[in-house]
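In the text below, chain A, chain B and the rest are named by the order of the sequence lines, each starting its count at 1. These figures come from a predicted structure and were not determined experimentally.
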Protein chains: 2
Amino acid sequence: MEKIISKYKGKFKLTPQRIAILKFLDNNTGHPTAEDIYNEIRKKYPTVSFATVYNTIQALKDRGELSEVTIDPQRKHFDPNLRPHHHIICTVCNRIGDIFTDFSAVLHLPEEILAEYTLTGNHIDFYGVCSECRTGKESMFQQ
Amino acid sequence: MEKIISKYKGKFKLTPQRIAILKFLDNNTGHPTAEDIYNEIRKKYPTVSFATVYNTIQALKDRGELSEVTIDPQRKHFDPNLRPHHHIICTVCNRIGDIFTDFSAVLHLPEEILAEYTLTGNHIDFYGVCSECRTGKESMFQQ
DNA sequence: TACTATCTTGGAACAATTCTATTATAGAAT
DNA sequence: ATTCTATAATAGAATTGTTCCAAGATAGTA
Ligand SMILES: [Mn+2]
Ligand SMILES: [Mn+2]
Ligand SMILES: [Zn+2]
Ligand SMILES: [Zn+2]
């Protein structure tokens, strides 16, 4: 927490609302939506507005400290972890988990694709069912 | 086209609007949005409504004949090709290309992930710059 | 302590999508 | 061919997620 404050000192105004947002996002691996952030901050600052949440998200994205995760067709999720990584989505509860393996070396693309595109990156969405969602219904997911 | 009509015969009502939509989607590799479909159908049926486009999309999804591509944070794209495949997005023009390589065998996940999830699938988004977007500015993309 | 650039806020605006009530029609039954 | 009815098309309202805006508040500096 002290680290958060010192990190942003002099870079952008640290208001109580922003500090609460930064605190919530710090090491947050839950891929929260704007609404998730809003609901959390509202606990401590009941009058916080969605505009503040979106403004802060935008400020952090502009500073390259937050990324947008496009997995959920309904809403945007955000990720404070900027280390390149992949995701795994539980198809039952929709929770998004992180996978820190670099697969670039094994993702050999066909020549025709390499001829047409200059590659810059890749992102994998794995799909599965998490252990919590399997509990009590193991049989449903056994092959 | 005849094939389309016979394929749907007796399964769902073939209206002129739906036939136009099916025709547009048949073998369409352009990953159109609802608006793309609407604009195309409107050429022939100027009074077609967005509701008809969305209704038909939904009917096709329900019948498992159209899938939704969640890549663009702004809007949904649709894909009539149900064969599992991956995508490559040009980061300049945002066009979405198809990649029909199955990487499952080389995507070895860490034990802790395999312990937590029952895997069911994967989808890769590759990023790059297409040849058209490179034209005249090759230098920008050379390493 | 005062100043001001920046931030917060509520609500309006917006864009994509879904819903609703009404009218029209494809395809089946006669 | 004509009638019938379940299903589809339509216009527009409603909903949802997100962005914009104008006014008042405040963090950080002087
Ligand atoms: Mn992540
Ligand atoms: Mn595709
Ligand atoms: Zn789950
Ligand atoms: Zn391009």
Side-chain angles (χ1 to χ4, degrees), chain A residues 4-25 31-63 65-78 94, chain B residues 4-25 31-63 65-78 94:
Chain A
I4 295 175
I5 296 189
S6 60
K7 179 176 180 186
Y8 289 95
K9 210 64 170 273
K11 305 202 173 175
F12 82 168
K13 273 198 188 177
L14 279 176
T15 64
Q17 296 89 333
R18 286 185 163 186
I19 290 170
I21 293 173
L22 290 171
K23 216 162 143 183
F24 178 60
L25 289 177
H31 306 89
T33 63
E35 191 180 15
D36 293 334
I37 299 171
Y38 174 71
N39 285 333
E40 179 66 24
I41 300 333
R42 204 158 48 138
K43 290 179 190 167
K44 198 165 176 193
Y45 300 96
T47 68
V48 74
S49 70
F50 254 109
T52 294
V53 172
Y54 278 110
N55 286 343
T56 305
I57 285 171
Q58 189 56 55
L60 292 173
K61 288 204 295 185
D62 289 346
R63 292 168 45 78
E65 304 194 345
L66 187 67
S67 71
E68 197 173 304
V69 176
T70 306
I71 278 190
D72 179 345
Q74 301 296 309
R75 47 182 55 75
K76 293 173 181 173
H77 290 248
F78 300 95
N94 294 310
Chain B
I4 295 175
I5 295 189
S6 60
K7 178 175 180 186
Y8 290 94
K9 210 62 170 276
K11 305 200 175 177
F12 84 165
K13 274 200 192 178
L14 279 175
T15 65
Q17 296 89 336
R18 284 184 165 187
I19 290 170
I21 293 172
L22 290 171
K23 219 161 141 184
F24 178 61
L25 289 177
H31 306 90
T33 62
E35 191 180 15
D36 293 335
I37 298 170
Y38 174 72
N39 285 333
E40 179 66 23
I41 300 333
R42 204 160 46 141
K43 291 178 187 167
K44 199 166 175 193
Y45 300 97
T47 67
V48 74
S49 71
F50 254 110
T52 295
V53 172
Y54 279 110
N55 285 343
T56 304
I57 286 170
Q58 189 57 53
L60 293 173
K61 289 204 294 185
D62 289 347
R63 292 168 45 77
E65 303 192 347
L66 188 67
S67 71
E68 198 174 304
V69 177
T70 306
I71 277 190
D72 179 345
Q74 300 296 308
R75 49 179 59 70
K76 293 172 181 172
H77 290 249
F78 300 95
N94 292 311

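Nucleotide C:dT6 holds its C1' atom 15 Å from the CG atom of A:Leu60, rounded to whole Å. Atoms CZ (A:Phe12) and P (C:dC7) sit 8 Å apart, rounded to a whole Å. Regarding B:Glu68, its CD atom lies at a distance of 13 Å from the C1' atom of C:dT18, rounded to whole Å. Distance CD (B:Gln74) to P (C:dC14): 16 Å, rounded to an integer number of Å. What separates CG of B:Asp62 from P of D:dT7 is a distance of 14 Å, to the nearest Å. Rounded to whole Å, the distance from NZ on B:Lys76 to P on D:dT16 is 13 Å.
The salt bridge (Lys or Arg N to Asp or Glu O under 4.0 Å) analysis of residues 47-60 of chain B, with sequence neighbours excluded, yields no pairs. Evaluation of the salt bridge (Lys or Arg N to Asp or Glu O under 4.0 Å) test over residues 45-56 of chain A, restricted to residues two or more places apart or in two chains, returns none.
Between B:Arg18 and D:dT7 there is no side-chain N or O to OP1 or OP2 distance below 4.0 Å. A:Gln17 has a side-chain polar atom (N or O) that falls below the 4.0 Å cut-off from OP1 or OP2 of C:dT9. Taking side-chain N and O atoms only, A:Lys61 has no distance below 4.0 Å to OP1 or OP2 of D:dT18.
Listed by chain and number, the residues in a ring pair (Phe, Tyr, Trp, His ring centres under 6.0 Å) with A:Tyr38 are A:Phe50 (sequence neighbours excluded). Shown here are the side chain to side chain contact (heavy atoms under 4.5 Å, CB included) partners of A:Glu65, two or more places apart in sequence or in another chain: A:Lys7, A:Tyr8, A:Leu60, A:Arg63. In this structure, B:Asn55 has no side chain to side chain donor-acceptor pair (under 3.5 Å) partners at least two apart in sequence or on a different chain. The side chain to side chain donor-acceptor pair (under 3.5 Å) check on A:Asp36 picks up A:Thr33, with sequence neighbours excluded. A:His77 pairs by the ring pair (Phe, Tyr, Trp, His ring centres under 6.0 Å) definition with nothing, not counting sequence neighbours. Residues that satisfy the salt bridge (Lys or Arg N to Asp or Glu O under 4.0 Å) test with B:Lys76, not counting sequence neighbours, are B:Glu68. The side chain to side chain contact (heavy atoms under 4.5 Å, CB included) search around B:Thr52 returns B:Gln17, B:Val48, B:Ser49, B:Thr56, not counting sequence neighbours.
Contact annotation: the side chain of A:Ile37 approaches that of A:Leu25 to within less than 4.5 Å [non-hydrogen atoms, C-beta and beyond].
Within residues 31-48 of chain B, the residues approached by DNA chain D to less than 4.0 Å at the level of any non-hydrogen atom are B:Thr47, B:Val48, in residue-number order. DNA chain C lies under 4.0 Å from at least one heavy atom of each of the following residues of residues 49-59 of chain B: B:Ala51, B:Tyr54.
Remark: C:dT30 base-pairs with D:dA1; criterion is Watson-Crick or G-U wobble with both hydrogen-bond distances under 3.5 Å.
Just one residue in the list A:Ile71, A:Thr70, A:Asp72 forms a side chain to side chain contact (heavy atoms under 4.5 Å, CB included) with B:Thr70, and that residue is A:Thr70.
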Between the protein and nucleotides 24-26 of chain D, list the N/O to N/O atom pairs that are separated by less than 3.5 angstrom.
from: D:dT26; atom 1: O2; to: A:Lys13; atom 2: NZ; distance (Å): 3.4

